[in-house]
Number of protein chains: 4
Amino acid sequence: MPYRRSSLMEERLADNRLRILKSARALVAEGGFRQASITAVAARAGLSTGAIYRYFPAKADLFVEVLNSAVDYEVAMLQKIADGKGDVGTRLRAAVRSFVSRAVEGPNLAYAFIAEPADLEVEAARLICRERFGEVFKQLLREGIAANVLPAQSIDVGAACIVGAFTEALVRPITPNAKREASKALIEGIVEFCARAVGAAKAS
Amino acid sequence: MPYRRSSLMEERLADNRLRILKSARALVAEGGFRQASITAVAARAGLSTGAIYRYFPAKADLFVEVLNSAVDYEVAMLQKIADGKGDVGTRLRAAVRSFVSRAVEGPNLAYAFIAEPADLEVEAARLICRERFGEVFKQLLREGIAANVLPAQSIDVGAACIVGAFTEALVRPITPNAKREASKALIEGIVEFCARAVGAAKAS
Amino acid sequence: MPYRRSSLMEERLADNRLRILKSARALVAEGGFRQASITAVAARAGLSTGAIYRYFPAKADLFVEVLNSAVDYEVAMLQKIADGKGDVGTRLRAAVRSFVSRAVEGPNLAYAFIAEPADLEVEAARLICRERFGEVFKQLLREGIAANVLPAQSIDVGAACIVGAFTEALVRPITPNAKREASKALIEGIVEFCARAVGAAKAS
Amino acid sequence: MPYRRSSLMEERLADNRLRILKSARALVAEGGFRQASITAVAARAGLSTGAIYRYFPAKADLFVEVLNSAVDYEVAMLQKIADGKGDVGTRLRAAVRSFVSRAVEGPNLAYAFIAEPADLEVEAARLICRERFGEVFKQLLREGIAANVLPAQSIDVGAACIVGAFTEALVRPITPNAKREASKALIEGIVEFCARAVGAAKAS
DNA sequence: CATGAATGAGAATTCATTCAT
DNA sequence: TATGAATGAATTCTCATTCAT
C-alpha cells in the first residue's frame, strides 16, 4: 500500500521553508548579508545545512527570495495606498508614512534592502527591488503633475530621491534617544520632507 | 650609534602608505568591498601582502581609513561651500550639486560609501561617515531656519533625508541612456528635489 | 495468522528490483558512475531513495550487481559462440565481433566496464568482470593450441590482450566521422587485429 | 633595501610544486582519482590545502598536469625508440616492451591513465593522452606498411588496439604468483601479441 | 512496506594573517 | 625591513544513508 503524505507532514514542510526564509531574513536584518551564511541560516532554522538545499537550489536563490518576498509585501502595501482615494499629496504622505513606520518598527528587510550582498545575482535582485519601490512613487507623481496638483518635476529623479530619503531612515539610528517619541517625530519628519520635496506641502 | 631614519626613507614609507590607501580605494570604487582583498590591494600597490601589515594592523583598519580619508575630502568640499557667501538656499543647492556631480562622474568613494563592508568595524565607520555628511546640512538648515529663510522643520531628519536622497543617486543607473545629458538632468533633479524639500525652492 | 506474501506482491517486488537495476545500468551507461547517484537511480526507477535500500543494502551492492548482471549476459553470448561449431579462428573472430559490435552500437555496459567506479567494492567487481571475459578467450586459445591450429603462445596474456584491445575500442571515438561505415571498419579492424595476434590470420 | 629571494627558497618552491605533483600522482596510482582529494594530496605533500592553490589554480589543473607530465615522459621514451634504427618490427617490439616494463614495475601513471577521473576537464585530458600513445604506433605502422614490411591493415585501429592491449597490463594482476619471473613472461607475452597482431612476427 | 525529508560528513575553494628568510 | 609562501578556518554545496510517518 503506497504511503500517503499526511497533511501534517505537508505543514511541516511548508513550515520548514518558511523557517528558512525567516532565519535568512532575520540574519540579514541583524547583521547584513555578511552574517547570513548557509550554516547560520540552517542553525537558526534548526535544520542541517543540507536541508536548506532541499528548498533552495543555491544560496543566491534563497536570498533573492528573501528580498523579493519582503519587497512584494511592502510594494503591495504602498500600491494599495497609492491606488486609494483622496488627493495625491495625502496618498503620497500616507505611502511614505506606511513604509517608514514599518521600517522603524523592527529589523526586517531594511538592511538587506540597502546592504551590498555577497552574491552578484542577489545584487541584481536588490537593484530591481529598489526600482519597484520607485514605480509606486512615479505613478503618484505622474498623476499629481497631470492633475496640476504637483509642480512640474522629474518623475524618475523624484521617485528615486524619495526612496533614497526614506531608505536613510533604515540605516541609521537618527535619534538614538527616546525611542518611541523620537520615532514618531522621525516618521513625520520624513513624510513632510518628501511632501515638500515634491511640492505637496501641507496648506499651513 | 643610534639608527637614524633618513628623510628619504620616511618619504618612501609615507609613499607606500598612500599607495596602499589609493589601491584600496580604487578597488572598492571599482567593485565594492567584495573585490578589495588584501592580496588585490597589495598587488595594485606594487607591494607584498606582508607590507600592508606594516602600515595597517588589520584589514579593517585599512578600510576604515579609506572610508574616512575619502569622506574627509568630500566633507571638506561641502563645508567650504556651506561656509561660503550667498543665501542659504543657493549654498545648499551648491553643496548637493557638488557631491552628486562627483558621484555621478566616476566611480570613486560613492560605492564604498553605501556598500556593505565585510567587516563590522568598517560598517561602523561607514555609518559615522554618513553622519558626517549630515552635519554639513544640519548646519545649513540651522542657519536657514534661524534666519527665517527656511521654514521650521526637523533638522536631523532633513539632513538625513538629503544624504539619503543623493545616496540613492549613487546606487542606481536611473537613466542608462544618453549619459552626459541625462547626468546633467539627474544632478539638477536631485538638487531641486532637496531644495524644495527643505523649503528653499527657487523663486519661480 | 501468519502473514502470507501474495504472489502478486512478490511480482511487484521482483519488478522493482529489476527496475532499479535497469535505472542504474542506464545511468552508468549514459554518464559513468559519476551520474549514477542513488537519488538519480530512484527517480528514474520511479521509486523513493529509501526503497532502493530495501532491495540493496548499500550503493556498492547495487552497482556490483549492475556490473555482474551486465557481464553475465555478455559472457553468455561469448560463451555460446565459443562453444559453437566451426574452426577456432572463426569462432574467436565471431566472439570479438559480437562483443565489439554491441559495444560500438550503443552506450550500454561498455562504459561501466572500463570506468572507474566510485566505490572500492565495485572496483573489485569490475576487475573480476574483466577476468571473466578473459576466460572465454582462454578457452578458445587453449583449444586452438591443443589442436595445433594456433601457434604456441601465452594463454593468459593472449586473453588479457584481447580484452584490452577491444576495451580500447569502447573508450575512444576512434573514427568520429562517417559513423556507420566507420563502425563497420572499426569492428572488422579489431577482429582482424586479434585474429592475427593469436595467429589465426585469414588464409590470404 | 629590498628583499632578495634566495636560491634556497626558490628550490623550496620548486620542490613543493614537485612534491604536490608526486603526491597527486602517487595517490591516483594507489587508489584512482577517487582517493586523490585536495586534502589527501596536501597531507601527503606535507602542506596545507591552501598551499596547493598557490601552485595550481584548481584541482582539475593539478590532475591534468599529473596526467600530462607522466604521459610526456612515456611518449618521449616511446618516440625515441620509434625514431631509432633497425627494422620496424624490432622497434615496435622495443616500444611495447619499454612501456609495459615500466608499467609492470611500479604504480605510476598506470591507473590514472585508464581510470575515469571525477572531473570532466581531466577526463578530456585523459582521452588526449591515450591518443598521444596511439600516435607513436601509427607512425611505426605507417612506416612498416609503406616499406612493405608489414601487411596492409588499418593504422588507426591497429594503434588503438596496441594501446588497449598493453593498457590491460596496467589494470590487472594477470599473474599473481611468482612476481619477477611472471612479469618477464607477461611482458614478452604482450610484446609478441602485438607483434603478431601487426604482422611483425619473429621469423621463427 | 513505501516515502522522501533530514542528516552530516566531506569536498573544493578563498583569504586574512603570520613568519622564516 | 620587505617578501610572499604557507596556514587553516570558514564557506558553499553534495550525497549516501536513515527514520518518522
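Chain naming here is simple, since letters A, B, ... match the order of the sequence lines and numbering starts at 1 in each. Quick caveat: nothing in here was measured; it's all calculated off a predicted structure.
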Tell me which of A/A51 and C/G50 sits closer to the 5' end of DNA chain F, going by the nucleotide each one is nearest to.
A/A51
Respond yes when some side-chain nitrogen or oxygen of D/Y55 is under 4.0 Å from OP1 or OP2 of F/dG4, and no when none is.
no
Using heavy atoms to find the nearest nucleotide of DNA chain E for A/S48 and B/Y53 separately, return the residue whose nucleotide is more 5′.
A/S48
C/P57 or A/S37: which one's nearest nucleotide on DNA chain F is closer to the 5' end?
A/S37
In this structure, how many angstroms lie between the P atom of F/dT14 and the CD1 atom of A/I52, rounded?
13 Å
Would you mind reading off the distance between C/R17 atom CZ and E/dC1 atom C1', rounded to a whole angstrom?
17 Å
Separation between OH of B/Y53 and CD1 of B/I38, rounded to the nearest 0.5 Å
4.0 Å
Taking any strand in view, what nucleotide pairs with F/dT14 in a Watson-Crick or G-U wobble way, both distances under 3.5 Å?
E/dA9
Quick one: label D/A58 by what it contacts on the DNA or RNA (base, sugar-phosphate, nothing), any heavy atom closer than 4.0 Å.
sugar-phosphate
Take the protein atom NZ of B/K59 and the nucleotide atom C1' of E/dC15, then report the distance between them rounded to whole Å.
8 Å
d(D/S69 OG, D/K22 NZ) to nearest 0.5 Å is 11.0 Å
Check whether any side-chain N or O of C/R25 sits under 3.5 Å from a backbone N or O of C/V66 as a donor-acceptor pair, and report yes or no.
no
Integer-rounded Å distance: E/dA11 C1' and D/R34 CZ:
16 Å
For C/I38, answer base if it contacts any base atom (sugar-phosphate contacts may also be present), sugar-phosphate if it contacts only those atoms, and nothing otherwise; contact means non-hydrogen atoms under 4.0 Å.
base
Mind calculating the distance between CZ (A/R54) and C1' (F/dC15) to the nearest angstrom?
11 Å
Quick one: A/L62 CG to F/dC13 C1', roughly how many Å, whole number?
13 Å
Return the nucleotide paired to E/dT21: Watson-Crick means purine N1 to pyrimidine N3 with N6-O4 or O6-N4, wobble means G-U with N1-O2 and O6-N3, both under 3.5 Å.
F/dA2
Judged by nearest nucleotide, the residue sitting upstream toward the 5' end of DNA chain E, D/T39 or C/G46, is C/G46
Would you call A/L62 and A/L21 a side-chain contact if the rule is heavy atoms closer than 4.5 Å?
yes
Side chain of D/T49 only, please: which of E/dT3, F/dG8, E/dT17 is the nearest?
F/dG8
Can you tell me how far P of F/dT11 sits from CG of A/L27, to the nearest Å?
12 Å
C/F63 has an atom CZ; how far is it from atom P of F/dC15, in whole Å?
12 Å
Kindly determine whether C/L120 and D/R34 satisfy side chain to side chain contact (heavy atoms under 4.5 Å, CB included), including the steps that lead there.
CA-CA 9 Å; C/L120 278 171; D/R34 182 177 38 256; 3.6 Å; yes
Need one value for D/L47: base, sugar-phosphate or nothing, where a base atom within 4.0 Å counts as base even if backbone is also close, heavy atoms only.
sugar-phosphate
